[in-house]
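For the numbers below, each heavy atom of this structure counts, side chains included, while hydrogens, waters and symmetry mates do not.
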Amino acid sequence: MKKSNKIKPRLSVEEQIAKANEAETLLDSPLFNQTCDWIEDKYISTWTSTKPSEEELREHCYYRLKALYAIKDEIQFIINSAKLAKQST
């Protein structure tokens, strides 16, 4: 997937709330949470069971975990931003 360098237009409060509702649905989804937990457990287990010589594998697991956490943080940010936008209106 190619990352866009375009500046995104500012969303209206209604659009932010709609996105936040979708984000909350996602974070409340048992399937989403089970999948995130499974991925997290998989990489932590692999990371902690590596041999001292497997530095590249540990780094791979580390960066995958960081990406997972960044995704979840971004979803939470969408929710929090909408709450702030709603309060300011």
Item to complete: Take N80 and L84, measure what side-chain contact (heavy atoms from CB on, under 4.5 Å) needs, and give me the verdict at the end.
Response: CA-CA 6 Å; N80 294 342; L84 289 173; 5.6 Å; no
Worksheet entry | In one Ile/Leu/Val/Met/Phe/Trp/Tyr side-chain cluster, 4.5 Å: Y69, W38 | yes
Discussion item. Check for me, please, whether L11 and V13 land in the same ILVMFWY cluster - side-chain distances under 4.5 Å, paths through other members count.
Written reply: no
Worksheet item: If you group Ile, Leu, Val, Met, Phe, Trp and Tyr by side-chain heavy-atom gaps below 4.5 Å, do Y63 and Y43 land in one group?
Response: yes
Worksheet item: Atom CD of E14 and atom NZ of K86: how far apart are they, to the nearest 0.5 Å?
Response: 10.5 Å
Practice prompt. Would you give the length of the straight line joining atom NZ of K66 to atom CG of D73, rounded to the nearest 0.5 angstrom?
Written response: 9.0 Å
Response to the item:
One should read off an interatomic distance between F32 CZ and K72 NZ, to the nearest 0.5 angstrom, of 6.5 Å
Discussion item. Donor-acceptor check, side chain of T25 to backbone of N21, threshold 3.5 angstrom: yes or no?
Written reply: yes
Fill in: Minimal non-hydrogen separation, K51 against R58, with atom names
O-NH1, 2.7 Å
Worksheet, complete the sentence: Heavy atoms of A23 and I78 approach each other most closely as CB-CG2, 4.1 Å
Worksheet item: Are any side-chain N or O atoms of T50 and backbone N or O atoms of W47, one a donor and one an acceptor, separated by less than 3.5 Å?
Response: yes
Worksheet item: When you look at Q76 and I79, which way does the side-chain contact (heavy atoms from CB on, under 4.5 Å) test go after all the steps?
Response: CA-CA 5 Å; Q76 188 61 55; I79 295 166; 4.0 Å; yes
Discussion item. Could you measure the distance from the CD1 atom of I39 to the CD1 atom of I44? Nearest 0.5 Å is fine.
Written reply: 12.0 Å
Discussion item. To the closest 0.5 Å, what do you measure between CG (N33) and CG (D28)?
Written reply: 7.5 Å
Discussion item. Please find the pair of heavy atoms, one from C36 and one from L68, that lie closest to each other, and give the distance.
Written reply: O-CD2, 3.6 Å
Discussion item. The test is side-chain contact (heavy atoms from CB on, under 4.5 Å); show your working for E56 and H60 and say whether it passes.
Written reply: CA-CA 6 Å; E56 190 173 315; H60 174 80; 5.8 Å; no
Practice prompt. Would you sort out whether K19 and Q16 count as a side-chain contact (heavy atoms from CB on, under 4.5 Å), showing the intermediate values?
Written response: CA-CA 5 Å; K19 283 183 82 167; Q16 288 180 16; 5.8 Å; no
